[in-house]
Every structure is written in C-alpha cells, then in structure tokens.
Amino acid sequence: RLALSLQHPRFHSFLLLAIRMCRLAPLPISESPLSTTSPRVQREQTFKLQLQINSACSGEVLLQNVAAEGTWTVRRLKLQIASDSCISFAGQILLFAGRLLADNEVLSTLLPQASEYPHVLMLVRSQPKASAGSRQLTVVSNGGPVSCVRWRVEAQNLRRKEMTLTSPMFELNFGDGLDKVPFKLSLLASDDRSFAKSKGRGFIQLKCLNGEAATCAGVLARVSSSSDGVIAKQEAYVDHEYCFATNAALKLPRGSSIDFGVFADRPSSTFEVAVEIVHLCKVEMEDL
C-alpha cells in the first residue's frame with residue numbers, strides 16, 4: 001500500500017511543491033548575512049563616554065559628568081552642552097589634546113574608549129549666551145564710598161549641570177583714585193559639584209579683576225525673593241572688612257551654603273542677589 005501511495009501522481013505533485021517552497025523560503029534572521037552588524041559598529045553603539053568641559057582660557061571646570069555616546073558627532077555634543085548650560089551652540093569651540101574638533105567628526109574616532117577618568121575637553125566661548133537673569137544687572141557707583149549691585153538670576157539655572165553662574169563684568173567707582181575697578185559676581189555650587197547635584201545650594205562670590213587697584217572694603221550680600229517690588233523673603237551675609245589685594249575673591253557666607261531655590265519668585269521664576277560694597281581705604285601694594 002505504501003509503494004502504491006508513493007507512486008500516486010498527487011504525491012509527486014505535493015513533493016515538488018514542497019521542494020519549491022523550501023527553495024523560496026528566506027534564511028533565518030540569525031543566519032542572514034545582511035542582518036549582521038560589524039564588530040566595530042556594535043562597539044560604537046555601546047560606547048559610553050563621561051566628559052568634563054573646562055574653560056580653555058582659565059581652566060575653570062564648566063561642566064562635569066556630561067554623558068555622551070560614541071556615535072555622537074561633535075555637533076551633537078555641542079547641542080547637549082547648550083541644553084545643560086547657558087552656553088549657546090554658536091558660542092562653542094571645542095578642543096581635545098590641543099586639536100580643534102570639527103562639527104562632523106564622530107566622538108568614537110577622537111576619544112579613547114578605555115579610560116578610568118572623564119575625558120577633558122577644552123571649551124572656548126566665543127559668544128557666551130547671557131540668560132535673561134544675567135542681563136538684569138543694575139549697578140549704582142558714582143564715586144562715593146558705597147556702591148550697590150543688584151543681579152536678578154533665573155531659577156532654572158539651578159537645575160543645570162554648571163558649577164558656576166557668573167554675571168557680566170561691571171565697574172565700580174570708589175573715588176580716592178579707584179575708578180572703573182572691574183568686578184564680577186558669581187554663584188558657586190556647593191561641594192565642588194554642579195547646581196543640579198547640589199540641589200541649588202551654593203555660595204556668593206565677589207571677585208575683583210584688577211589687583212593693582214585693590215580696595216579694603218566692607219561687603220554686605222543679600223539674597224531675596226521679591227514680586228512687584230515687595231520683598232517676600234531675604235537673608236543677609238556680611239564681611240565687615242575684606243582686603244581684595246590679599247585675595248581677589250570673597251566668598252560668602254563663611255559657614256554653610258545657601259539654598260538659592262527657596263528664594264525663587266514663582267511669577268517670574270527668578271531671585272535677586274544684591275551686594276553693597278563700602279570702600280574703607282585704598283591698599284597700596286608696598287603695604288602688603
């Protein structure tokens with residue numbers, strides 16, 4: 001009976017159809033040569049980078065623990081830096097090991113994959129982007145003994161990965177031959193971390209940029225939350241006598257850090273840093 005069934009015409013037709021279908025069936029995905037990815041591409045896809053961005057001018061750490069991938073281009077990295085900081089994409093020039101990085105270069109071809117420490121890239125800021133908060137700087141200094149600086153800062157900067165927020169440079173006129181003395185105000189994140197990791201805590205720094213025209217002054221710094229000119233919350237920190245010739249940068253407060261976030265005004269999402277500088281005497285370099 002088996003022999004008769006094998007000789008049946010329908011069996012031969014079925015066998016031919018089965019063979020034809022097997023020839024047309026595609027290979028499994030695991031066996032298909034078109035679906036395999038080269039080892040180099042696989043390594044690049046899983047290549048993770050930890051970067052640190054330093055200022056090429058001062059060496060100051062601008063951003064820490066920037067997470068990137070090996071497949072990113074330098075242009076993609078610049079966009080990430082712009083989203084994590086107040087530095088615009090157009091204002092970034094990146095250097096690695098003294099070499100200028102082009103926007104279309106891929107990070108995996110520039111940076112070594114195996115490293116225990118973050119790769120350090122140097123950043124030249126050609127056109128730093130000033131936030132709305134940093135532009136709101138008011139200076140009153142008319143040659144008298146007291147000068148006042150008011151700086152309104154956007155609270156959203158406290159959620160970024162930056163370690164420092166810096167005001168535009170301003171000049172103070174103290175009289176006594178001390179005119180147009182350049183200063184800068186900065187907010188420094190606590191514990192040498194970013195503002196995001198320190199949860200908005202930090203210190204106020206007032207820095208004199210010209211040591212040859214140094215002054216001995218009393219400094220009163222305030223952080224406040226105000227809406228429509230009405231102060232809702234305020235704290236003050238004071239140094240009764242500070243010599244900018246000995247150390248150009250004064251950091252306040254001396255003790256624990258400030259929680260800047262609690263001073264953020266809800267309607268404007270900003271807080272204000274105000275500093276009063278009382279000129280006490282001129283410091284001559286030969287007196288030091």
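The minimum heavy-atom distance linking W72 with A67 is given by the pair CH2-O, 3.5 Å. H240 approaches L280 most closely through the heavy-atom pair O-CD1, 3.8 Å. Between K180 and N173 the shortest heavy-atom distance is N-OD1, 2.6 Å. The two residues R159 and A196 have their closest heavy-atom pair at O-CB, 3.6 Å. Between L158 and F271, the shortest heavy-atom distance links the atoms CD1-CE2, 3.8 Å. Taking all atoms of both residues into account, the shortest heavy-atom contact from Q64 to R193 is OE1-CA, 4.2 Å.
Interatomic distance, L250 CG to F203 CZ, rounded to the nearest 0.5 Å: 12.0 Å. The NE2 atom of H279 sits 12.0 Å away from the CZ atom of F244 when rounded to the nearest 0.5 Å. The OG atom of S194 sits 12.0 Å away from the CZ atom of R160 when rounded to the nearest 0.5 Å. Note that CG of L172 is 7.5 Å distant from CG of L206, once rounded to the nearest 0.5 Å. Between atom CD of residue Q52 and atom CE of residue M122 there is a gap of 9.5 Å, rounded to the nearest 0.5 Å.
The shortest side-chain heavy-atom distance between N157 and F195 does not fall under the 4.5 Å cut-off. Using a 4.5 Å heavy-atom cutoff, the side chains of F260 and I204 are in contact. Using a 4.5 Å cut-off on side-chain heavy atoms (C-beta onward), V74 and L107 make contact. Between C208 and V181, the closest side-chain pair of non-hydrogen atoms falls below 4.5 Å. Contact check for L49 versus H119: side-chain heavy atoms found under the 4.5 Å cut-off. Looking at heavy atoms from C-beta onward, Y237 lies in side-chain contact with I258 at the 4.5 angstrom threshold. D239 places a side-chain heavy atom less than 4.5 Å from the side chain of R254. W151 is not listed as a side-chain neighbour of V275, based on a closest heavy-atom distance of 4.5 Å or more.
Tracing side-chain contacts under 4.5 Å through hydrophobic residues (I, L, V, M, F, W, Y), one reaches F263 starting from L137; they form part of the same cluster. Criterion: ILVMFWY side-chain heavy atoms under 4.5 Å apart, direct or through other members. Under it, V223 and L252 are part of a common hydrophobic cluster. Hydrophobic clustering of Ile, Leu, Val, Met, Phe, Trp and Tyr side chains at less than 4.5 Å, counting indirect connections, keeps M163 apart from L62. By the rule that hydrophobic residues join a cluster once side-chain heavy atoms approach within less than 4.5 Å of another member, F183 and L220 end up as members of separate clusters. Hydrophobic clustering (side-chain heavy atoms under 4.5 Å, transitive across Ile, Leu, Val, Met, Phe, Trp, Tyr) keeps I81 apart from V61.
With sequence neighbours excluded, no residue forms a salt bridge (Lys or Arg N to Asp or Glu O under 4.0 Å) with R75. R76 is linked by a salt bridge (Lys or Arg N to Asp or Glu O under 4.0 Å) to nothing, counting only residues two or more places apart in sequence or in another chain. Residues satisfying the salt bridge (Lys or Arg N to Asp or Glu O under 4.0 Å) test with D103, not counting sequence neighbours, are K78.
Ion pair E235/R222 not flagged as a salt bridge, since none of the NZ, NE, NH1 or NH2 atoms sits closer than 4.0 Å to an Asp/Glu carboxylate oxygen.
Counted by atom type alone, T138 and R150 present zero donor-acceptor pairs between their side chains at under 3.5 Å.
Remark: N247 CG is packed, more than 12 non-hydrogen atoms of other residues, nucleotides or ligands lying under 6.0 Å away. The number of heavy-atom neighbours closer than 6.0 Å to CD of E171, taken from other residues, nucleotides and ligands shown, is above 12.
Applying the side-chain contact (heavy atoms from CB on, under 4.5 Å) test between S167 and each of L187, V273, V139, L185 identifies L185 as the sole match.
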